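Structure, as structure tokens:
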Amino acid sequence: MHVFGLPPEAMRARLVAGNWKMHGSLAANQALLAALKARLKAIDGVGYAVCAPFPYLKQVATVLEGSPIAWGAQNVSEHDVGAFTGEVSGAMLREFGCHYVIVGHSERRGLYGESDPQVAAKFMAAQRAGLTPILCVGETLEQRERGDTDAVVARQLDAVLDAAGVAAVANAAIAYEPVWAIGTGKTATPSQAQGVHEFVRALVAKRDKELAAALPILYGGSVKPDNAKELFAMADVDGGLIGGASLVADDFAAICDAAAGTLK
Ligand code: PEP
């Protein structure tokens, strides 16, 4: 049984996760969460989540209690405990109910120098604590134009699979996020997204076919209500990791509806 609750042969579960990044305030979060709670209904095979900044996680947990919307963090330490000023461990997150954590977002890799081995260590730390990592992979524009997309994505993914073992993907999601599409308004075309998603699934399948078939692979990069359906309709696109549009209740809810409407 896959963590998202469906056996692989039945149907791949969908997940739409919002990445709030460093946005929010108590008042704005309250309004956004209340609107999402009112709008999103539990649907078999469709998961929703919001990944909020650390200080707001308790608020998110409290407001979302009893709703079908899960919540997560945007980062986690690769260490379990110790003298790591400013860091937050997986156990701390798990202790008050956190479910997901984003690891290896391109902003962490690019702005904070997170390396492939460090991302792999964070992925494993998250799982040790009982969290479900959403592992981000994706190429820059320069890498795409050089024809290096597959090589970059393979390097990022293999770093985690080599360190954690393929069995670890039973409790994880992958998010393909081309860096050139994040926050830019430029979205990968459905066929560009499908091409990389298929490649990611094939990489996992080389190690374990069943796990690959059940693995949720999300697309991220300027997903909006008007492009979500086309993207989610692609065979290997199982939902989305949503930045800007996750801050607007109607937009995020419409993207969740698109995921539910394209259940395969
Ligand atoms: C993201 O930050 O993961 C993201 C996909 O952002 P946006 O949807 O704003 O491009």
Side-chain angles (χ1 to χ4, degrees), residues 14-24 28-29 32 36 47-54 56-57 60 69-76 99-114 119 122-123 126 131-141 143-144 149 152-153 156-157 160 172-190 192-194 196-197 200 216-232 234 236-259:
R14 329 223 89 205
L15 174 65
V16 180
N19 173 14
W20 290 3
K21 312 195 187 194
M22 200 173 72
H23 293 288
N29 304 343
L32 175 56
L36 292 178
Y48 320 113
V50 294
C51 297
F54 289 132
Y56 296 129
L57 290 177
V60 171
I69 311 165
W71 56 274
Q74 300 171 15
N75 190 18
V76 66
H99 189 101
Y100 294 104
V101 64
I102 298 171
V103 297
H105 191 280
S106 60
E107 287 154 16
R108 302 287 328 162
R109 293 178 190 263
L111 301 172
Y112 300 98
E114 289 189 8
V119 171
K122 287 182 177 220
F123 181 100
L131 302 170
T132 298
I134 300 173
L135 169 69
C136 299
V137 297
E139 81 290 1
T140 63
L141 185 57
Q143 290 165 333
R144 173 165 282 264
T149 298
V152 169
V153 168
Q156 292 171 334
L157 184 59
V160 172
I174 309 287
Y176 167 57
E177 297 210 309
V179 180
W180 48 271
I182 296 180
T184 58
K186 282 186 204 148
T187 316
T189 63
Q192 280 174 324
Q194 170 59 25
V196 181
H197 282 229
V200 166
I217 307 177
L218 317 182
Y219 169 77
S222 299
V223 178
K224 306 287 177 213
D226 61 1
N227 59 23
K229 205 165 179 182
E230 277 187 303
L231 286 160
F232 298 168
M234 302 309 286
D236 289 289
V237 180
D238 306 313
L241 181 58
I242 317 299
S246 72
L247 299 170
V248 180
D250 283 347
D251 288 359
F252 189 66
I255 293 168
C256 291
D257 290 346

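As the structure lists them, so they are numbered: ligands from 1, and atoms in each ligand from 1. For clarity, every value in this text was computed on a predicted model and none was experimentally measured.
- In the vicinity of Ala181, heavy-atom distances shorter than 4.0 Å reach the ligand 1 atoms 10 (O).
- Interface atoms of ligand 1 facing Ser222, defined by a heavy-atom separation under 4.0 Å, are 7 (P), 8 (O), 10 (O).
- Ligand 1 has a nitrogen or oxygen under 3.5 angstrom from a nitrogen or oxygen of Gly243.
- Contact of the Trp20 side chain with the Leu32 side chain is registered, since non-hydrogen atoms from C-beta on lie closer than 4.5 Å.
- Annotation: side chain of His105 is in contact with side chain of Glu177 (closest heavy-atom distance under 4.5 Å).
- Distances between N or O atoms of Glu107 and those of ligand 1 include no value under 3.5 Å.
- Below 30°, between 30° and 60°, or above 60°: for His197 and Tyr176 the angle between ring planes is above 60°, a perpendicular geometry.
- Side chains of Trp180 and Glu139 form a contact here, defined as non-hydrogen atoms less than 4.5 Å apart.
- Shown in contact with Asn19 at under 4.0 Å from a heavy atom are these atoms of ligand 1, numbered in order with element: 1 (C), 2 (O), 3 (O).
- Of all atoms in ligand 1, numbered sequentially from 1 with element shown, those under 4.0 Å from a heavy atom of Gly244 are 7 (P), 8 (O), 9 (O).
- Considering only non-hydrogen protein atoms, atom 1 (C) of ligand 1 sits nearest to His105 NE2, 3.3 Å.
- Backbone and side-chain nitrogen or oxygen atoms of Thr184 are examined, and none is located within less than 3.5 angstrom of a nitrogen or oxygen of ligand 1.
- Gln156 is not listed as a side-chain neighbour of Val119, based on a closest heavy-atom distance of 4.5 Å or more.
- Considering backbone and side-chain atoms alike, Lys224 places every N or O at 3.5 Å or more from each N or O of ligand 1.
- Geometrically, ligand 1 and Leu241 share no nitrogen or oxygen pair separated by less than 3.5 Å.
- The atoms of ligand 1 that sit less than 4.0 Å from any heavy atom of Gly221 are 5 (C), 10 (O).
- By the 6.0 Å contact criterion, NZ on Lys224 is enclosed, its count of non-hydrogen atoms from other residues, nucleotides or ligands being greater than 12.
- In this structure the side chain of Arg108 never reaches within 4.5 angstrom of the side chain of Ile102, judged on heavy atoms.
- The single protein non-hydrogen atom nearest to atom 3 (O) of ligand 1 is Glu177 OE2, 2.7 Å, given as residue, atom name and distance.
- Between Ile182 and Glu107 there is a side-chain heavy-atom pair separated by less than 4.5 Å.
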Please tabulate, for the side chains in residues 242-259, all donor-acceptor contacts under 3.5 angstrom to protein atoms that are two or more places apart in sequence or on a different chain.
{"residue": "Ser246", "atom": "OG", "partner": "Ile242", "partner atom": "O", "Å": "3.2"}
{"residue": "Ser246", "atom": "OG", "partner": "Gly243", "partner atom": "O", "Å": "2.7"}
{"residue": "Asp257", "atom": "OD2", "partner": "Arg39", "partner atom": "NH1", "Å": "3.1"}
{"residue": "Asp257", "atom": "OD2", "partner": "Arg39", "partner atom": "NH2", "Å": "3.1"}

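- Residue Gly183 places a heavy atom under 4.0 Å from ligand 1.
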